[in-house]
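These notes are about the structure you will find just below.
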Protein chains: 2
Amino acid sequence: MTDVTLREVARASGCSVATVSRVLAGTRPVGAETARKVREAAEKLGYRPNQVARALRSRSTGTVGLVLPQITNPFFPSLVREVEHALHAEGRAVLLADCDDDPEVEAARIADLLDRQVDALLIIAVDERQSRDAVAKAAAHVPLVLLDRGCGPGIADLVTTDNATGMALVLDHLVSTGRRRICFVGAAGTGSAAVERLAAYEAETKALGLHGFGPVELGDFSLEWGRAAVDRILPSRPDAVVCANDLIAIGALQRLRQLGVDVPGDIAVTGFDDIPMADLADPALTTVRQPVRALAAEAVHLLGHRLAGQNDGPRRLVRLAPELVVRASSAPRASSAEDTRSTRTPEVEQ
Amino acid sequence: MTDVTLREVARASGCSVATVSRVLAGTRPVGAETARKVREAAEKLGYRPNQVARALRSRSTGTVGLVLPQITNPFFPSLVREVEHALHAEGRAVLLADCDDDPEVEAARIADLLDRQVDALLIIAVDERQSRDAVAKAAAHVPLVLLDRGCGPGIADLVTTDNATGMALVLDHLVSTGRRRICFVGAAGTGSAAVERLAAYEAETKALGLHGFGPVELGDFSLEWGRAAVDRILPSRPDAVVCANDLIAIGALQRLRQLGVDVPGDIAVTGFDDIPMADLADPALTTVRQPVRALAAEAVHLLGHRLAGQNDGPRRLVRLAPELVVRASSAPRASSAEDTRSTRTPEVEQ
DNA sequence: ATAGAGTGGGAAAACGTTCTCCGAGAATCT
DNA sequence: AGATTCTCGGAGAACGTTTTCCCACTCTAT
């Protein structure tokens with residue numbers, strides 16, 4: 001019932017605590033016979049090392065804090081999953097902190113995690129500006145990597161999706177399937193996703209010479225805004241609507257259907273992120289899939305690097321290229337959609 | 001830079017470590033003047049108690065392990081969120097373990113959490129049978145509450161949704177809006193959700209005297225099965241399809257639309273769980289909303305109870321009544337759906 | 001005056017590890 | 001043979017708290 005300690009294993013195997021620790025941790029060579037006796041005793045008593053004591057002594061808890069704005073944001077669960085797996089593969093555990101999209105809660109959670117002596121922090125920042133202070137302060141104490149959302153330059157390592165590439169993929173695709181009257185529905189925030197995707201859209205349309213057309217409407221990253229934006233955009237008779245994320249796109253899809261507009265016949269719609277719903281929308285949504293696994297792997301890798309080294313060296317900014325996922329919502333107008341759903345791609349499983 | 005300890009606060013305030021601990025923890029009355037000096041010094045040095053040391057000494061980490069099958073299952077994020085908030089409100093932190101739907105991984109994660117000295121475990125079991133051993137073993141060491149999914153009787157406290165009530169709500173609703181030729185698409189597994197929802201469906205249809213009709217098709221809890229099941233059910237010309245969860249229902253919706261069947265005109269469709277997608281489907285899905293916040297609160301409450309008491313006493317089984325959410329997919333046939341979406345209910349926010 | 005209770009404070013033991021010394025014996029070198 | 005290294009093992013300090021003693025002192029009641 002009560003836990004078995006090193007002392008008891010030592011007594012049972014007739015040697016010292018130090019020796020038992022050594023053979024179990026493999027930290028120094030130990031005589032074959034002694035080792036056997038120790039292992040035997042440990043086995044018999046069902047000894048399990050107390051990680052708290054180990055942490056106190058060795059000043060490392062083997063624990064990483066994962067701080068995010070809102071686990072219910074549909075893009076995060078898969079990211080959390082990958083991060084969790086990557087960390088567990090290194091024998092680390094994840095302390096989860098959901099911030100309810102509130103920077104003050106975020107600051108408090110970060111402080112709490114530091115008190116709990118996490119070895120490192122992985123943070124998806126709530127807000128570009130308002131998170132900065134807390135993040136910077138935390139980065140002074142412990143290796144810290146920002147994930148997905150930035151937080152000002154030079155604060156900490158950041159690994160994120162290359163929004164410019166993603167937007168370019170979308171626009172190339174639309175143009176190459178004959179769309180010309182393209183418009184953009186984005187978000188007005190100051191977050192990196194909002195800013196970068198808008199900037200990329202504008203740069204790319206210019207590069208492609210589509211600059212004549214192009215209403216741009218900015219709201220927020222929500223379904224409701226997607227629905228509302230359709231009404232503001234429709235009068236200019238576009239043949240494609242590029243949305244800054246999937247939620248906006250799905251909202252747009254809903255409103256367009258309601259108004260009897262044919263997608264993709266009259267208008268193509270694209271999203272960004274590839275959340276699970278994107279594949280389920282009707283028509284299934286063409287979108288940009290963030291390289292979730294690679295993002296997680298890279299972030300964990302960077303953490304490992306700082307944990308191994310002295311946690312100094314320059315801040316890194318890693319941008320990973322996303323992937324275009326073409327589905328029915330952007331099918332060429334020529335093919336008059338008998339079975340538009342066949343474009344659906346398989347799940348990201350494995 | 002390096003952390004401030006009790007010793008340093010003691011030295012700075014000219015008193016002993018014991019006294020500092022006492023005033024900061026408020027564990028014993030201490031002279032007013034001394035207390036002031038201590039607090040002042042602590043403040044000035046920026047002292048933060050080391051939770052690991054505290055945990056080692058007081059044999060309590062203030063940490064709870066949350067073990068779940070797959071964070072990407074769309075029903076879980078909101079549950080995780082509520083659990084996390086409820087626990088944090090008590091000053092506890094959450095150690096997250098995602099099991100990848102694998103009972104062996106689950107067992108390993110549970111063992112790891114126990115080594116990390118979690119004060120308690122909150123487990124959404126992967127499998128009714130295969131999780132039993134690991135859960136039972138863990139329950140012997142630490143307060144443990146099962147959430148959402150059971151794991152055999154008497155293993156541990158269990159708080160879950162009352163599937164029978166939920167199914168009754170659905171059937172009453174369908175019957176009272178004129179549906180009679182009702183059929184069921186469920187899952188064949190041995191998990192409590194699969195078994196209970198099927199049993200409840202059968203009991204309730206019998207009670208309502210609908211027993212003449214009623215094909216029942218069993219597959220799994222997936223979109224694909226929902227799509228496939230439609231083809232097997234359609235020949236019997238039902239006017240309502242009751243699905244064992246939302247994924248199945250959304251799959252069914254998709255296939256029905258593809259076949260040109262009018263929902264809800266020809267056939268009503270209902271789901272179970274109220275995952276975020278349910279509201280976004282077209283038509284929006286009538287479903288049973290699990291009382292997520294209450295589930296989390298009750299589970300945490302039970303944990304607290306066992307943490308306070310001696311972790312004995314009988315195992316409890318708490319069933320919470322869910323709520324029917326009527327949306328467009330089950331609108332009465334009479335009202336020939338001008339704007340079927342208006343039935344949509346607001347988000348669960350706040 | 002003296003015993004008894006009550007108060008404020010310190011010294012030091014514990015919690016379960018890891019790790020630094022240190023010593024005893026065996027093996028290797030000159 | 002004596003000096004040096006190596007190997008194996010133990011004693012005990014340390015990690016930063018909490019908590020148990022214990023002491024010194026001040027009140028109050030006899």
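Reminder, nothing fancy here: chain letters follow the sequence lines and each chain counts from 1.
Nearer to the 5' terminus of DNA chain C, by closest-nucleotide assignment, is the contact made by E33(B) (compared with the other of E33(B) and Y47(A)).
Atom CG of D115(A) is separated from atom C1' of dG16(D) by 13 Å (rounded to the nearest Å). Straight-line distance from the CG atom of L24(A) to the C1' atom of dT17(C): 12 Å, rounded to whole Å. Atom CZ of R48(B) and atom P of dT17(D) are 12 Å apart (whole Å). A straight line from CZ of R54(A) to P of dC15(C) spans 19 Å, rounded to a whole angstrom. Between the CZ atom of R7(A) and the P atom of dT18(C) there is a distance of 15 Å, given to the nearest Å. Taking atom CZ of residue R57(B) and atom P of nucleotide dT17(C), one finds them 16 Å apart after rounding to whole Å. Here the C1' atom of nucleotide dG10(D) and the CG atom of L6(A) are 14 Å apart, to the nearest Å. dG16(D) atom P lies 8 Å from atom CG of D3(B), rounded to whole Å.
Of the candidates dT17(D), dG9(C), dG10(D), the closest approach to any side-chain atom of C15(A) belongs to dG10(D). Side-chain proximity of V17(B) to dG10(C), dT18(D), dC15(D): nearest is dT18(D). Among the nucleotides dG8(C), dA12(C), dC19(C), the one closest to any side-chain atom of A18(B) is dA12(C).
Between dG16(C) and R59(B), a contact under 4.0 Å exists linking OP1 or OP2 to a side-chain N or O. A sub-4.0 Å separation between OP1 or OP2 of dT18(C) and a side-chain N or O of S21(A) is present. One finds no side-chain N or O of S58(B) lying less than 4.0 angstrom from the OP1 or OP2 phosphate oxygen of dT19(D). Dashed line: the shortest gap from a side-chain N or O of S16(B) to OP1 or OP2 of dG10(C) is under 4.0 Å.
No more than 12 heavy atoms of other residues, nucleotides or ligands sit less than 6.0 Å from atom CZ of R11(A). Heavy-atom contacts from other residues, nucleotides or ligands closer than 6.0 Å to CD of E33(B) number more than 12.
Side-chain atoms of R22(A) come within donor-acceptor range of the base of dG10(D), with a qualifying N/O pair under 3.5 Å. Looking at R28(B), its side chain comes within 3.5 Å of the base of dG9(C) through a donor and an acceptor atom.
R149(B) places no side-chain N or O within 3.5 Å of a backbone atom of A193(B) that could act as its donor or acceptor partner.
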Subject >> Residue pair E298(B), L302(B): steps toward the side-chain contact (heavy atoms from CB on, under 4.5 Å) verdict >> reply: CA-CA 6 Å; E298(B) 184 64 25; L302(B) 252 47; 3.3 Å; yes
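Taking all atoms of both residues into account, the shortest heavy-atom contact from E82(B) to A296(B) is CB-CB, 3.5 Å.
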